[in-house]
Protein chains: 2
Amino acid sequence: MSQNISALVNNAKAIKCLYYNEALSSSDISNYIGKSIPHAIKVLNELIKEGYVIEKGYASSSGGRKPLQYSLIPDTHYIVSVAISQFYIQIGILDMNNRFVADIVQHELELYDLKADNLIAEIEKYITQSGINSSKILGVGVTMPGFIDPVKGINYTHLDCKDTSLVDYMQQALSLPVFIENDSTAIALGEQKFGAAMYQDDAMVINLGWGIGLGMIVNGEIFRGHSGLAGEFSHIPLIKNGKLCKCGKHGCLETEASLIAIISKANEEIAQGQRSSLANYETIDADAIINEAVKGDMLSVKLISEAAYHIGQCLAILIHIMNPAIIIFSGKASVIGRLWMAPIQQAINEHCIPRLAAYTELVISNLNANAQLIGGAVLVVESIGKLLGDKIEALNKELDINQ
Amino acid sequence: MSQNISALVNNAKAIKCLYYNEALSSSDISNYIGKSIPHAIKVLNELIKEGYVIEKGYASSSGGRKPLQYSLIPDTHYIVSVAISQFYIQIGILDMNNRFVADIVQHELELYDLKADNLIAEIEKYITQSGINSSKILGVGVTMPGFIDPVKGINYTHLDCKDTSLVDYMQQALSLPVFIENDSTAIALGEQKFGAAMYQDDAMVINLGWGIGLGMIVNGEIFRGHSGLAGEFSHIPLIKNGKLCKCGKHGCLETEASLIAIISKANEEIAQGQRSSLANYETIDADAIINEAVKGDMLSVKLISEAAYHIGQCLAILIHIMNPAIIIFSGKASVIGRLWMAPIQQAINEHCIPRLAAYTELVISNLNANAQLIGGAVLVVESIGKLLGDKIEALNKELDINQ
DNA sequence: CAAACTTTTTTAAATTTTTAAAAAGATTAC
DNA sequence: GTAATCTTTTTAAAAATTTAAAAAAGTTTG
């Protein structure tokens, strides 16, 4: 049995890199899994026999024999991704080529009101409606705010499940493998494999949403810190004697620059009689401010610019400590990236050693609103080694019983 | 020849872990190099044949056959370590058990006046006086402030060597392998292998000296960032409209909390007639303030406390981003660690999410003033793979010529 | 003090992995 | 059109590495 384990690791690695690349040659795979070409070919042939992989014709060559291309067969398995944010949840299902194969659904559900049973019901409904056989689903990736231990499968901040872990509870109910991860970390995973952080070993991914999150990629891997709390970017103390934050401290970045903070400032200003097209809205929400800012409303632009400047101040600090190759703005609010960029860049220029600022690229994600859902799928793919391992263990148990 | 390379890697790894541990069993070595026990024993026997390693009797056992212990033979090779700081340089020589085998010498030499030829002459003199044959010296580790590329062997801030790199220039002159590294990074290396960061995968090492440096250990490895500038801790913007820093910005931590800043504040206060035992000194230097603070002089204590509080503020930010297991205070000024600790801890408590502060241990180095010198030696040991590789390459060239 | 249990060391066989050479397929230049 | 070049694939042999069992050397317990 132990001989299976090393083979398993290589097979899992090959599946992963094929998921992230859709077509690769034997030599590519050899590089990804760090083994010789004959070895890589052996692995690929095994995966073909097992039905995961298919030969996909020849790629072009710069002079020499054309390399045979290998791909995952898209419809062998599917991945369900669940993206939870402060005010709604989204569910999607992706095939083995990382393509959404059913419409993404969105439910308005406040995180603080959300119950695990609620969530499970929505996921079950979605899977049924998709028409995809449950046996073909590799796993469910759930990504959400909170302090999360992905190994233990617990969210310490939300969705407490009393005597069992959230992951165990959901696995039991859904009869499917479940994995959980923090939303900002998931977005970083998505950017790393399919977005602006591809081929980057040191990237900081800012999750511009109702809060301000940070996912860190260090030495090509997601960095979580010693107890999983690294990247608490939004609670960096910024303003002396600032507003009280829900974390218990005063003047955190989050109290000044999150969408929620911007909304509350907008309401204050309007109440004080400030002229703005926002006054025409019954309730001012994030979309209202974003829309009016795009249209040129002075107050909306001012509020976003001020928030962005504060974010830039904190980014300057982050750059001094981490010296990243790139900072990526992702998450819900990144779609209006242009509005944030100028004041952020200005704050960085003012507060950073010039050499450091010059070495750091700032970009807006091209994954748009889907970064978190994609990250949830990546989360499942990254766990494929574990999934295959569990399957083999189960098979071995059956064998033991039959003997 | 290629078969030598993989053997070489394992031999180098074995030598490294023996340097860091002074006596290990075959099973320990097997764990360190990540190979099976029979393989580890093979490596050890090779190293015994080559004269590096010796069997060192048996260790005790908790029930079972006693393990044979292996050690490096101390006097086969030596390492020269050169620690350069703002105002003086120190030179030491260590054996293969990481023990100083000659007195450490110290020269008062301002970094800005220092020339490479100067430095080389001092190193040559020191080696001659030590009486150790140059052929037995594995290499010279030079550690100093500045923005350093250890791979290219260049210090971009100090000791410019025009058309050649500092490392090439020194190697030519000394006829010995030379390695350079930033002082704070070297201190982190020293702490990682012999100090408070042993067995810690996520540690931040603060270099309390004339400036305030930071060496980062992330996932068990020194973290340098994308372009080698990570850990620019002392230039975190702290004070709004603060003093001008030599980096070009205003209000950096360094302008408020470094020993140099403290000295200048002390002079100001004394000039303004502030009562203090410091007034009895002709020139107030770091030692004066440290000594008087220890004796209880109010002004000295106040100055150090204020600086420490500012350092604590920045540490709170660092903790939010990195979530380290431990923060270690090392470097010259760490010997008066007790004086710093209370205000630092207070600032952290005030500015950190409680859960994060609780998970972070703060300790004072027990390597005292020698962390940088030890780090310089570690730097050479870490490069042993390269050294052995060069040796084999040279041998192969000779063989080619003879054939 | 002998039996039972632990741990380390040795050995030989099995397995994994790589290397290197040969074969095959494709491009380029003359 | 063909020789020269280049790259990928296949193959078989060689090398590296691990596994597992046996042997050796202790410790503990009743």
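In what follows, chains carry the letters A, B, and so on, assigned in the order in which the sequence lines appear, proteins first and then strands, with residues in each chain numbered from 1. All figures in this text were calculated on a predicted structure; none of them were measured in a lab.
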Inset, instruction - Report yes if a side-chain nitrogen or oxygen of Ser27(B) is closer than 4.0 Å to either non-bridging phosphate oxygen (OP1 or OP2) of dT7(C); otherwise report no. - result: no
Legend entry - Asn97(A) side-chain N/O to Arg99(A) backbone N/O, donor-acceptor pair under 3.5 Å: no
Inset, instruction - Return the nearest nucleotide to the side chain of Lys35(B); candidates are dT18(D), dT19(C), dT10(D). - result: dT18(D)
Legend entry - Inter-residue atom distance Met96(B).CE - Leu138(B).CG, 0.5 Å rounding: 5.5 Å
Legend entry - Side-chain N,O (His39(A)) to OP1/OP2 (dT16(C)) below 4.0 Å: no
Inset, instruction - Can you tell me the distance, in whole Å, between the CD1 atom of Ile29(B) and the P atom of dT9(C)? - result: 11 Å
Check residues 25-34 of chain B and write down every donor-acceptor pair under 3.5 Å in which the side-chain atom is one partner and the other belongs to a residue at least two apart or another chain.
{"residue": "Ser25(B)", "atom": "OG", "partner": "Ser27(B)", "partner atom": "N", "Å": "3.4"}
{"residue": "Ser25(B)", "atom": "OG", "partner": "Asp28(B)", "partner atom": "N", "Å": "3.2"}
{"residue": "Ser25(B)", "atom": "OG", "partner": "Asp28(B)", "partner atom": "OD2", "Å": "3.2"}
{"residue": "Asp28(B)", "atom": "OD2", "partner": "Ser25(B)", "partner atom": "N", "Å": "3.0"}
{"residue": "Ser30(B)", "atom": "OG", "partner": "Lys35(B)", "partner atom": "O", "Å": "2.6"}
{"residue": "Tyr32(B)", "atom": "OH", "partner": "Asn21(B)", "partner atom": "ND2", "Å": "3.1"}

Legend entry - B/S/- contact track for nucleotides 23-30 of chain C, protein heavy atom under 4.0 Å: -BBBS---
Legend entry - Glu382(B) side chain reached by Phe179(B) side chain, heavy atoms, under 4.5 Å: no
Contacts table for residues 59-77 of chain A: side-chain donor-acceptor under 3.5 angstrom, sequence neighbours left out:
{"residue": "Ser61(A)", "atom": "OG", "partner": "Gly63(A)", "partner atom": "N", "Å": "3.0"}
{"residue": "Ser61(A)", "atom": "OG", "partner": "Gly64(A)", "partner atom": "N", "Å": "3.2"}
{"residue": "Ser61(A)", "atom": "OG", "partner": "Gly64(A)", "partner atom": "O", "Å": "2.9"}
{"residue": "Ser71(A)", "atom": "OG", "partner": "Glu22(A)", "partner atom": "O", "Å": "2.4"}
{"residue": "Thr76(A)", "atom": "OG1", "partner": "Ile73(A)", "partner atom": "O", "Å": "3.1"}

Inset, instruction - Whole angstrom is fine here: how far is it from CD in Gln69(A) over to P in dT8(D)? - result: 11 Å
Inset, instruction - Whole angstrom is fine here: how far is it from CG in Asn31(B) over to P in dT8(C)? - result: 10 Å
Inset, instruction - Measure from CD on Glu55(B) to C1' on dT9(C) and round the result to the nearest Å. - result: 12 Å
Legend entry - Of the listed nucleotides dT10(D), dT19(D), dT8(C), the one nearest the side chain of Pro38(B): dT19(D)
Inset, instruction - Can you tell me the distance, in whole Å, between the CD1 atom of Ile41(A) and the C1' atom of dT18(C)? - result: 13 Å
Legend entry - Interatomic distance where CG belongs to Asn45(A) and C1' belongs to dT9(D) [whole Å]: 11 Å
Inset, instruction - Look at the side chain of Ser36(B) and decide which nucleotide, out of dT10(D), dT17(C), dT18(D), has an atom nearest to it. - result: dT18(D)
Legend entry - From dT17(D), dT10(D), dT9(C), nucleotide with atom closest to Leu68(B) side chain: dT9(C)
Inset, instruction - Locate the shortest heavy-atom distance separating Leu379(A) from Ile180(A); write the atom from each residue and the value. - result: CD2-C, 3.8 Å
Inset, instruction - To the nearest Å, give me how far apart OH (Tyr70(A)) and P (dT8(D)) are. - result: 12 Å
Inset, instruction - Rounded to the nearest angstrom, tell me the gap between atom CD1 in Ile37(A) and atom C1' in dA21(C). - result: 14 Å
Inset, instruction - Verify the distance criterion only: is there a donor paired with an acceptor across the side chains of Glu46(B) and Asn11(B) at less than 3.5 Å? - result: yes
Inset, instruction - Tell me whether the OP1 or OP2 atom of dT8(C) has a side-chain N or O from Ser26(B) closer than 4.0 Å. - result: no
